[in-house]
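For reference, the structure discussed in these notes is given below.
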Amino acid sequence: QVQLVESGGGLVQAGGSLRLSCAGSGRTFSSSAMGWFRQGPGKDREFVAAISTGGGNTYYTDSVKGRFIISRDNIKNTLYLQMNSLTPEDTAVYYCAARTSYYFSTTYSRSDEYHYWGQGTQVTVSS
């Protein structure tokens, strides 16, 4: 099992930056593929970014490419999401999630493939 706790959310002006962290506990963090999802007001949860177990492969939804960077530190059992050039459309609760690596390269954006979730952290971008 993997327990996940997000932090780093907050209020930021448009054009600003935030770095989210997701602290993982449990023996399987380093063997878990990881993802970030978000749910904006009145919207469904959507995929944001994902990273393979070793960090060598990363994936992003089109709207954040070139602005967000996902990374992980398997020594510290921590997942990160560096968010730059934020816009009000990025306002959402951000969740980190963990899953197995089976078929990860083809299913990384599917929330139903992730078995462990954090509680979420609020990101609010003001215009």
Side-chain angles (χ1 to χ4, degrees):
Q1 261 191 334
V2 179
Q3 293 80 43
L4 303 171
V5 179
E6 301 97 336
S7 62
L11 174 63
V12 64
Q13 288 188 331
S17 299
L18 281 175
R19 188 175 81 155
L20 304 183
S21 298
C22 173
S25 61
R27 296 180 298 168
T28 59
F29 180 88
S30 62
S31 62
S32 298
M34 303 292 297
W36 286 99
F37 291 77
R38 66 186 180 186
Q39 186 166 16
K43 298 181 180 179
D44 293 332
R45 186 174 299 187
E46 66 171 349
F47 167 75
V48 176
I51 189 167
S52 58
T53 55
N57 294 301
T58 58
Y59 308 90
Y60 300 92
T61 192
D62 286 346
S63 63
V64 308
K65 284 180 182 177
R67 300 189 299 123
F68 291 12
I69 300 172
I70 188 171
S71 62
R72 65 189 297 165
D73 185 333
N74 286 341
I75 301 298
K76 296 182 178 179
N77 279 4
T78 303
L79 175 73
Y80 302 100
L81 185 67
Q82 177 66 44
M83 305 186 296
N84 302 318
S85 302
L86 286 161
T87 74
E89 289 68 39
D90 295 315
T91 294
V93 178
Y94 284 71
Y95 300 89
C96 67
R99 55 166 286 171
T100 69
S101 59
Y102 295 126
Y103 300 106
F104 175 66
S105 64
T106 56
T107 63
Y108 56 84
S109 65
R110 289 180 50 176
S111 61
D112 60 342
E113 292 288 336
Y114 289 77
H115 306 297
Y116 304 104
W117 293 81
Q119 82 290 348
T121 186
Q122 176 71 47
V123 172
T124 303
V125 185
S126 63
S127 57

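When a residue number appears, it is its place in the shown sequence, counting from 1.
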Legend entry - Any donor-acceptor N/O pair, R67 side chain to S63 backbone, under 3.5 Å: yes

Inset, instruction - Treating Ile, Leu, Val, Met, Phe, Trp and Tyr as nodes and any side-chain heavy-atom pair under 4.5 angstrom as an edge, say whether I51 and L18 lie in one connected cluster. - result: yes

Inset, instruction - Check whether more than 12 heavy atoms from other residues, nucleotides or ligands sit under 6.0 Å from atom CG of D44, and answer yes or no. - result: no

Legend entry - Side-chain donor/acceptor of W36 to backbone N/O of Y80, under 3.5 Å: yes

Inset, instruction - Nearest 0.5 Å please: distance from the CD1 atom of I69 over to the CE atom of M83. - result: 12.0 Å

Inset, instruction - Could you tell me whether a side-chain N or O of R72 sits under 3.5 Å from a main-chain N or O of G55, the two making a donor and an acceptor? - result: no

Legend entry - Contact summary for A98 and S32, nearest pair of heavy atoms: CB-CB, 4.1 Å

Legend entry - Verdict with reasoning, L20 to R38, per side chain to side chain contact (heavy atoms under 4.5 Å, CB included): CA-CA 12 Å; L20 304 183; R38 66 186 180 186; over 6 Å; no

Legend entry - Greater than 12 external heavy atoms within 6.0 Å of Q13's CD: no

Legend entry - Audit row: Y59, S105, side chain to side chain contact (heavy atoms under 4.5 Å, CB included) steps and yes/no: CA-CA 9 Å; Y59 308 90; S105 64; 3.7 Å; yes

Legend entry - Close side-chain approach of V125 to V123, heavy-atom, < 4.5 Å: yes

Inset, instruction - Mind listing the closest non-hydrogen atom pair of S52 and G56 along with its distance? - result: OG-N, 3.3 Å

Inset, instruction - Give the minimum heavy-atom separation between S21 and T78, together with the two atoms involved. - result: CB-CG2, 4.2 Å

Legend entry - Non-hydrogen side-chain atoms of Q122 and T91 separated by less than 4.5 Å: yes

Inset, instruction - Give a yes or no on whether the backbone of A14 and the side-chain of D90 come within a donor-acceptor separation of less than 3.5 Å. - result: no

Legend entry - Any donor-acceptor N/O pair, Y60 side chain to I70 backbone, under 3.5 Å: yes

Inset, instruction - Using the six-membered ring wherever Trp is involved, compare the ring planes of F68 and Y94 and label them parallel, tilted or perpendicular (cut-offs 30° and 60°). - result: tilted

Inset, instruction - Indicate yes or no for a side-chain donor-acceptor contact from E6 to the backbone of G120 under 3.5 Å, with no hydrogens or angles considered. - result: yes

Legend entry - Heavy-atom closest pair, residues G9 and T121: N-OG1, 3.2 Å

Legend entry - Test log, rule side-chain hydrogen bond (donor to acceptor under 3.5 Å, both in side chains), inputs T107 and R99: CA-CA 11 Å; T107 63; R99 55 166 286 171; 2.9 Å; yes

Legend entry - From F37, Y108, F104, Y95, residue fulfilling ring pair (Phe, Tyr, Trp, His ring centres under 6.0 Å) relative to Y114: F37

Legend entry - S127 side, atom OG; E89 side, atom CD - distance, nearest 0.5 Å: 9.0 Å

Legend entry - Heavy-atom pair of closest approach, residues D62 and K65: OD1-NZ, 3.1 Å

Inset, instruction - Tell me whether W117 is reachable from L81 by hopping between hydrophobic residues (I, L, V, M, F, W, Y) whose side-chain heavy atoms are closer than 4.5 Å. - result: no

Legend entry - Straight-line distance of E113 CD to S101 OG, nearest 0.5 Å: 11.5 Å

Legend entry - Straight-line distance of D73 CG to S30 OG, nearest 0.5 Å: 11.0 Å

Inset, instruction - Identify whether L79 and V93 are in the same connected component of the hydrophobic contact network (ILVMFWY, side-chain heavy atoms under 4.5 Å). - result: no

Legend entry - Student check: side-chain heavy atoms of F29 and N74 closer than 4.5 Å: yes

